[in-house]
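The structure under discussion appears below in the form of structure tokens.
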Amino acid sequence: MRWTKVSSAAPRARRGAALLLALTSLLAGPLAACAPRPGPEVLTTVPGVPGAKVVTVEVATTRQREAPDSNVFTARRARETGYAAFRVSLPPNHQPGRIEWPTGTPDPATSFAILDQSVQTRQAFLRATANARGPVTVFVHGYNYNFQESLFRLAQLAADANVGGVPVLFAWPSEAKLEGYAADRESVAYSRDALVELLTELAREPGTGKITVLGHSMGGWLVAEAVRQLRLMGRNAVIARLDVVLAAPDIDVDVFRAQLAVIGRLSPPLTLLVSRDDVALSLSGRISGDRPRVGALDVDDPRVQEAAAKAGVQVVDISSLKASDGFNHDRFTELAALYPRLESGAHERGRDVRQAGAFIFNAVGTTVSAPFGVVGRAIAGE
């Protein structure tokens with residue numbers, strides 16, 4: 001796609017509207033050919049089948065329930081965090097990296113399906129995460145996700161990575177509309193305090209294991225802001241429990257630099273999963289006044305390499321991975337499927353290293369970072 005330079009005299013609002021229209025047009029083409037987006041009907045509870053893999057996902061959400069006793073969540077903003085739990089079944093023929101969406105009534109033999117679900121209290125939610133006595137992975141989704149899409153995405157990541165522990169979905173109230181970008185920005189800001197409190201409560205539970213926080217796209221901004229807020233509040237003990245990974249983060253580079261100035265160095269290092277050819281982030285940057293996004297950094301740039309080492313951040317280019325969305329924005333989902341093999345290779349080489357700097361993902365394992373569960377553990381440098 002060619003972009004025509006816009007005169008500096010053109011009103012910024014008109015330029016932003018034109019770019020948003022371009023983004024909508026670009027995204028709407030492929031989506032129009034797909035099946036309708038999944039609605040709450042895919043959350044219908046059905047009996048399981050032999051051979052299916054089952055993942056229990058705990059949910060904390062700032063979405064408003066359609067009814068107090070319902071796990072149907074809307075795009076409206078709740079006044080307080082709600083909790084739920086879902087047992088998600090993946091079909092026996094599940095393909096790693098994919099979500100097999102149901103058509104009509106969910107059939108566990110061929111599609112993702114819900115075997116059981118419950119409305120949780122805060123106390124029940126915390127008991128469930130602590131009683132598992134294993135690692136906790138908190139997934140914060142990005143722009144243009146509805147609730148069921150984020151739920152099934154986390155189930156796919158958890159099943160493919162196969163790291164055990166408790167997957168926790170932090171679901172903020174995305175409009176789930178292409179034209180909802182600005183509204184989604186407001187909703188992640190609205191949800192920041194709730195994520196801060198969730199991480200604090202998880203870290204304070206004595207039975208909770210290591211806490212990995214994975215933020216994708218706009219969810220990456222929310223995660224970075226939550227960690228920054230934790231630092232400003234002096235909750236350093238909470239931060240010490242966290243392993244932070246931002247996948248294709250939709251964050252202005254200058255804003256991220258300011259966030260890091262407050263957050264400081266993390267151990268293990270904060271990890272960025274980037275793709276220099278991420279179309280969605282390129283358009284996001286243009287809509288925002290030609291402000292480059294962190295998720296599209298070029299790791300070959302010596303300035304990026306120097307900045308990453310100086311800030312104590314691990315930047316991993318995952319451009320070699322296949323993208324399924326057509327915009328090179330969801331490559332991180334493939335890493336979950338690769339994780340078991342990568343971890344095995346790391347132990348065979350006697351290495352379990354996370355280090356700051358800029359790296360390129362190599363499919364044969366010479367420079368690798370895996371973002372789920374133990375997103376934390378990485379094979380870095382040959």
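The first residue in the sequence is number 1, and the count goes up from there. We use all heavy atoms of the structure for the numbers below, so side chains are in, but hydrogens, waters and symmetry mates are not.
Clustering ILVMFWY residues whenever any of their side-chain heavy atoms sit less than 4.5 angstrom apart, transitively, puts L335 in a cluster other than the one holding L281. The cluster map of Ile, Leu, Val, Met, Phe, Trp and Tyr, joined by side-chain heavy atoms under 4.5 Å apart, puts I360 and V274 in the same cluster. In terms of hydrophobic clustering, with Ile, Leu, Val, Met, Phe, Trp and Tyr side chains grouped at heavy-atom distances under 4.5 Å, L157 and L321 are assigned to a common cluster. The hydrophobic cluster containing Y145 does not contain L169, counting ILVMFWY residues as joined when their side-chain heavy atoms lie under 4.5 angstrom apart, directly or transitively.
Within the 3.5 Å criterion, the main-chain N or O of A280 finds no donor-acceptor partner in the side chain of S284. A distance-only check finds no donor-acceptor pair linking the side chain of Y83 to the backbone of E58 [under 3.5 Å]. Remark: side-chain polar atoms of H329 are not paired, donor with acceptor, to backbone N or O of S275 under 3.5 angstrom. Using modelled atom types, no side-chain atom of E41 and backbone atom of G104 make a donor-acceptor pair closer than 3.5 Å. Not a single donor-acceptor pair under 3.5 Å links the side chain of R192 to the backbone N or O of A226. Checking side-chain atoms of E100 against main-chain N and O of Q95 turns up a donor-acceptor pair under 3.5 Å. With hydrogens and angles ignored, the 3.5 Å screen pairs no side-chain donor or acceptor of T137 with any backbone N or O of T212. Side chain of T208 to main chain of L202: a donor-acceptor pair is present (N/O by atom type, distance under 3.5 Å, no hydrogens or angles).
In this structure, L272 and F256 have side chains that are in contact, with non-hydrogen atoms separated by less than 4.5 Å. Counting heavy atoms from C-beta on, the side chains of D250 and R185 come closer than 4.5 Å. Side-chain atoms of V55 and P167, non-hydrogen and from C-beta on, do get closer than 4.5 Å to each other. Put simply, the side chain of D193 reaches to within 4.5 Å of the side chain of Q229, judged on heavy atoms. Looking only at side-chain heavy atoms (C-beta outward), D317 and V315 stay at 4.5 Å or farther from each other. Taking 4.5 Å as the limit, every side-chain heavy atom of E334 sits out of range of all side-chain heavy atoms of I318. In this structure, L266 and V244 have side chains that are in contact, with non-hydrogen atoms separated by less than 4.5 Å. Using a 4.5 Å cut-off on side-chain heavy atoms (C-beta onward), F139 and V57 make no contact.
More than 12 heavy-atom neighbours from other residues, nucleotides or ligands sit within 6.0 angstrom of CD on Q123. Open room surrounds CZ on R291; 12 or fewer heavy atoms of other groups in view lie less than 6.0 Å from it. Within a 6.0 Å sphere centred on CD of E306, other residues, nucleotides and ligands contribute 12 heavy atoms or fewer. Within 6.0 Å of NZ in K177 there are 12 or fewer heavy atoms belonging to other residues, nucleotides or ligands.
From N93, atom CG reaches atom OG1 of T110 across 7.0 Å, with rounding to the nearest 0.5 Å. Atoms CZ and CD1, on R293 and I251 in that order, are 8.5 Å from each other to the nearest 0.5 Å. Distance check, rounded to the nearest 0.5 Å: OG of S217 to CG of D278 gives 7.5 Å. Between atom NZ of residue K53 and atom CG of residue D160 there is a gap of 7.5 Å, rounded to the nearest 0.5 Å. Rounded to the nearest 0.5 angstrom, L273 CG and S319 OG are separated by 11.0 Å. Rounded to the nearest 0.5 Å, atoms CG (L90) and OG (S111) are 9.5 Å apart.
When all heavy atoms are compared, the tightest approach of P108 to V46 is CG-CG2, 3.6 Å. Residue S118 comes nearest to N71 through the heavy atom pair O-ND2, 3.1 Å, listed as atom of the first residue, atom of the second, then distance. Closest approach of V136 and T129 over heavy atoms only: CG2-O, 4.5 Å.
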Side chain to side chain donor-acceptor pair (under 3.5 Å) assessment of T74 paired with Q64: CA-CA 6 Å; T74 72; Q64 191 175 122; 5.3 Å; no

Residue pair T44, I114: steps toward the side chain to side chain contact (heavy atoms under 4.5 Å, CB included) verdict: CA-CA 6 Å; T44 302; I114 302 299; over 6 Å; no

Residue pair L260, V313: steps toward the side chain to side chain contact (heavy atoms under 4.5 Å, CB included) verdict: CA-CA 9 Å; L260 282 182; V313 172; 3.8 Å; yes

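Each ring-ring contact (aromatic ring centres under 6.0 Å, His included) pair with one or both residues in residues 156-179, not counting sequence neighbours, appears once here: H141-W172. Listed by first then second residue, pairs satisfying salt bridge (charged side-chain N to carboxylate O under 4.0 Å, His left out) with a partner in residues 142-155 read R37-E149, not counting sequence neighbours.
A salt bridge links R276 and D300; the closest N-O separation between the charged side-chain nitrogens and carboxylate oxygens is under 4.0 Å. A salt bridge links R235 with E197: the closest approach of a Lys/Arg side-chain nitrogen to an acidic carboxylate oxygen falls below 4.0 angstrom.
In this structure, H94 has its ring center under 6.0 Å from that of F112.
Here R79 pairs with nothing under the salt bridge (charged side-chain N to carboxylate O under 4.0 Å, His left out) rule; sequence neighbours left out. Partners of E175 by salt bridge (charged side-chain N to carboxylate O under 4.0 Å, His left out), not counting sequence neighbours: none found. Contacts of F147 classified as ring pair (Phe, Tyr, Trp, His ring centres under 6.0 Å), with partners at least two apart in sequence or in another chain: F73, F86.
In the hydrophobic clustering, L115 connects to V54, either directly or through intervening members, whenever side-chain heavy atoms lie under 4.5 Å apart.
The residue from L195, L222, T62, V140 that alone fulfils the side-chain contact (heavy atoms from CB on, under 4.5 Å) condition with V188 is L222.
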